[in-house]
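Taking it in order: structure first as structure tokens, then the write-up.
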Amino acid sequence: MTAKIRTRFAPSPTGYLHIGGARTALFSWLFARHNGGEFVLRIEDTDQQRSTDESTKAILDAMSWMGLNWDEGPHFQAQRVDLHRQMVQKLLEEGKAYICTCTPEELEIKRKEALATGKKPKYDGACREKGLKKSPGSVVRFRGTDTGVTVVEDLIKGNIVFNNEELDDLIIERGDGYPTYNFAVVIDDAMMNISHVIRGDDHVNNTPRQILMYQALGFEVPKFAHVPMILGSDKTRLSKRHGATSVMAYKEMGYLPEALVNYLVRLSWSHGDQEIFSQKELIEFFSLDAVGKSPAVFNPDKLLWLNAHYIKEASPARLAEEMKPLWPAGADGSDESFIRKIIVDLQPRAKTLVELAQASEFYFAVEISYEAEAAQKFLTPEVAAHLKSIAAAIPGIEDYSKAGLEAFLKNFIEANGIKFKTIAQPLRVALTGKTVSPGIDEVMVTLGKDRVAQRINAAVDYIAKQH
RNA sequence: GGUCCCAUCGUCUAGUGGUUAGGACGCUGGCCUCUCACGCCGGAAACCGGGGUUCAAACCCCCGUGGGACUACCA
């Protein structure tokens, strides 16, 4: 029997959850779920300077919002330093690591020199054979090998071969006594029995050194899968310059989590020609075999399209819930059936929840303010009489439904010998103040008899005043 | 500079030796129509270049070119 599949997401709490990190987390989560394995969350907070509790919370919130639930954790790496130090000690005792007293300044000078003379800017091994003892500010380095090769058997990229001589003697314990990332990550992944390390491919160059450490420590080497990065429109690493990169920023802009998830999963992953995936389908279909090797450019337009799709598909009840904090200031959200109708009217037209909220303003308005051009063009004396009689007839309509209203309007134009076009826009402006809105009948049903009659009469008054 | 990775429409991608190179976003023509959306129908749009291998290469190999990552006492 093979060991249980365990994946992890290990963000460092130095900011918000980034789109790229979220996609990596999503793949990791899907892989675990698809295989009936476990997904663990570990916060890599060994950088005491930059890590904050606020960031940790923000990352957890974003994960939850996206529905990426974890089975274990969050573990905090900083709480495990005793363990890390024990392992450092073990390597030291076995001669697989050594003390180094080179200062960052010295190293920086050597690096620059090497670069200037066209040599490799790697650690020169100055302290390697000195057999130094621990001293204030000294660091511990992992002793590498100068011969042989290390091959990374990557589940996405295939085998990658590294010459060991290219690999630095990495610092594994810093001057402040804290472990460095490359060491802590190995210890933690090994001790947490992570079977598959799924992470961004910016880590591939670290992997051979990590493999050497697994071996030095006598740990089993996990499987690796390095997922390609997400790039901005100019094909450089996605950053703020390309727009919002924080997951929660998309929530605030009115995106549904399933839209973001669906969008992100299709970056470097595909399942034939399918574009729309439910979470269930994702878990069913996801496979690392179908993850591509090349980086993907983040395309906000497609994400927006997916969001519009999911808004259309969402149940009005669900949207009513999502919309609660978003309605325009002063809007009365207590009338549930009114809210529901507004949502149904606007659903096919809104690309984001924020857009839906903006488009809803006229429904709630106590008094309609007309767009100047709209009023000038459509609220004219010619249509005043028609509007007046429609307003007068509203209370008497028995079947006040979309169908009933259609019949009423049809009847009305025929009786008056006019085209529907003659009164459509004037009615729209009277009811909404704008020339663009959901269908007249839909708006009338949603607004209800009283508001409709009142608004049309207000328009009639307006016309009288203007002319 | 060194090491490593990558390369099909503008973008996300399907494709694993023989296809009219398919789908999606965006763009665009039309239909629907009370406006705007939605929806439907149609269109333009790609195999980075050069060498091989082969009867046959988008697919395999090599070399270029281009892009990216890493090269910290960050993760």
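Residue numbering restarts at 1 for every chain, and letters A, B, ... go by the order of the sequence lines.
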**OP:** Please check the phosphate of rU11(B) (OP1 and OP2 only) for any side-chain N or O of R266(A) closer than 4.0 Å.
**Re:** no
Original post:
So what does F162(A) hit on the nucleic acid, given a heavy-atom distance under 4.0 Å: a base, only sugar-phosphate, or nothing?
Top reply: sugar-phosphate
Original post:
Atom CG of N182(A) and atom P of rC73(B): how far apart are they, to the nearest Å?
Top reply: 11 Å
Original post:
Phosphate oxygens OP1/OP2 of rA14(B): is one of them under 4.0 Å from a side-chain N or O of S270(A)?
Top reply: yes
Original post:
In whole angstrom, what separates E165(A)'s CD from rG2(B)'s P?
Top reply: 14 Å
Subject >> Between rG23(B) and rC62(B) - P atom distance, rounded Å >> reply: 33 Å
**OP:** Tell me which nucleotide among rC36(B), rC25(B), rC34(B) gets nearest to the side chain of A424(A).
**Re:** rC34(B)
Subject >> Under-4.0 Å side-chain N/O to phosphate OP1/OP2 contact, T236(A) with rG67(B) >> reply: no
Original post:
How is D441(A) classified with respect to the nucleic acid when contacts are heavy atoms under 4.0 Å: base, sugar-phosphate, or nothing?
Top reply: base
Subject >> Cation-pi check, R141(A) onto Y123(A) ring (under 6.0 Å, within 45° of axis) >> reply: yes
Original post:
So, is K235(A) near the phosphate of rU11(B), with a side-chain N or O under 4.0 Å from OP1 or OP2?
Top reply: yes
Subject >> Donor-acceptor contact present, side-chain T446(A) to main-chain E442(A), <3.5 Å >> reply: yes
**OP:** Could you tell me whether the side chain of T7(A) and the main chain of S28(A) form a donor-acceptor pair under 3.5 Å?
**Re:** yes
Original post:
In the strands shown, is rU19(B) matched to any nucleotide by a Watson-Crick or G-U wobble pair with both distances under 3.5 Å, and which?
Top reply: none
Subject >> Distance between P atoms of rG18(B) and rC60(B) (Å, rounded) >> reply: 12 Å
Original post:
Can you find a side chain N or O atom of K312(A) that sits less than 4.0 Å from OP1 or OP2 on rC38(B)?
Top reply: no
**OP:** Would you classify P295(A) as touching base, sugar-phosphate or nothing, given that sugar-phosphate means primed atoms plus P, OP1 and OP2, and contacts are heavy atoms under 4.0 Å?
**Re:** sugar-phosphate
Original post:
Using atom P of each nucleotide, how far apart are rA14(B) and rU3(B) to the nearest Å?
Top reply: 30 Å
Original post:
Ion pair present between D168(A) and R111(A), side-chain N to carboxylate O less than 4.0 angstrom?
Top reply: no
**OP:** Mind calculating the distance between CD1 (I276(A)) and P (rG23(B)) to the nearest angstrom?
**Re:** 16 Å
Original post:
Nearest-Å distance, CD (E173(A)) to C1' (rA75(B))?
Top reply: 18 Å
Original post:
Is the phosphate of rA72(B), meaning OP1 or OP2, less than 4.0 Å from a side-chain N or O of T180(A)?
Top reply: no
Original post:
In whole angstrom, what separates R349(A)'s CZ from rC34(B)'s P?
Top reply: 14 Å
Subject >> Separation of atom CG in L356(A) from atom P in rA37(B), rounded to whole Å >> reply: 16 Å
Subject >> Spacing of the P atoms in rG51(B) and rA57(B) (rounded, Å) >> reply: 12 Å
Original post:
Which class fits the ring pair H203(A) and Y181(A): parallel under 30°, tilted 30 to 60°, perpendicular over 60°?
Top reply: tilted
Original post:
Does rC60(B) have a Watson-Crick or wobble mate here (both distances under 3.5 Å), and if so which one?
Top reply: rG52(B)
Original post:
R199(A) CZ to rC70(B) C1': how many Å, rounded?
Top reply: 12 Å
Subject >> hbond_proxy E166(A) side chain to rG2(B) base (donor-acceptor, 3.5 Å cutoff) >> reply: no
Original post:
Now, which nucleotide makes the Watson-Crick or G-U wobble pair with rA24(B), with each of the two distances under 3.5 Å?
Top reply: rU11(B)
**OP:** Pick the C1' atom in rA44(B) and in rC27(B), then give their distance to the nearest Å.
**Re:** 9 Å
Original post:
Between rA75(B), rU13(B), rC6(B), which one does the side chain of S294(A) approach most closely?
Top reply: rC6(B)
Subject >> Q425(A) side chain to R428(A) side chain, donor-acceptor N/O pair below 3.5 angstrom >> reply: yes
Original post:
In whole Å, what separates the C1' atom of rU8(B) from that of rU16(B)?
Top reply: 14 Å
Original post:
Distance check: side-chain N/O of R50(A) vs OP1/OP2 of rA75(B), anything under 4.0 Å?
Top reply: no
Original post:
Is R451(A) reaching over with its side chain to a backbone N or O of L447(A), donor-acceptor style, under 3.5 angstrom?
Top reply: yes
**OP:** Just name whichever nucleotide pairs with rC70(B), Watson-Crick or G-U, keeping both distances under 3.5 Å, else none.
**Re:** rG2(B)
**OP:** Quickly work out the W305(A) CH2 to rA37(B) P distance and round it to whole Å.
**Re:** 18 Å
**OP:** Give the nucleotide from the list rA75(B), rC12(B), rA72(B) with an atom nearest to the side chain of L267(A).
**Re:** rC12(B)
Original post:
K421(A) has a side chain; which of rC73(B), rU35(B), rC6(B) sits nearest to it?
Top reply: rU35(B)
Subject >> Counterpart base for rU33(B), defined by Watson-Crick or G-U wobble contacts under 3.5 Å >> reply: none
Original post:
How far, in whole Å, is rC74(B) from rU65(B) if one measures between their C1' atoms?
Top reply: 33 Å
Original post:
Of the candidate nucleotides rA75(B), rC73(B), rC34(B), which contains the atom at the shortest distance from the side chain of R428(A)?
Top reply: rC34(B)
Original post:
So does E106(A) pair up with K110(A), basic N to acidic O under 4.0 Å?
Top reply: no
**OP:** For nucleotides rG30(B) and rG22(B), find the distance between their P atoms and express it as a whole number of Å.
**Re:** 25 Å
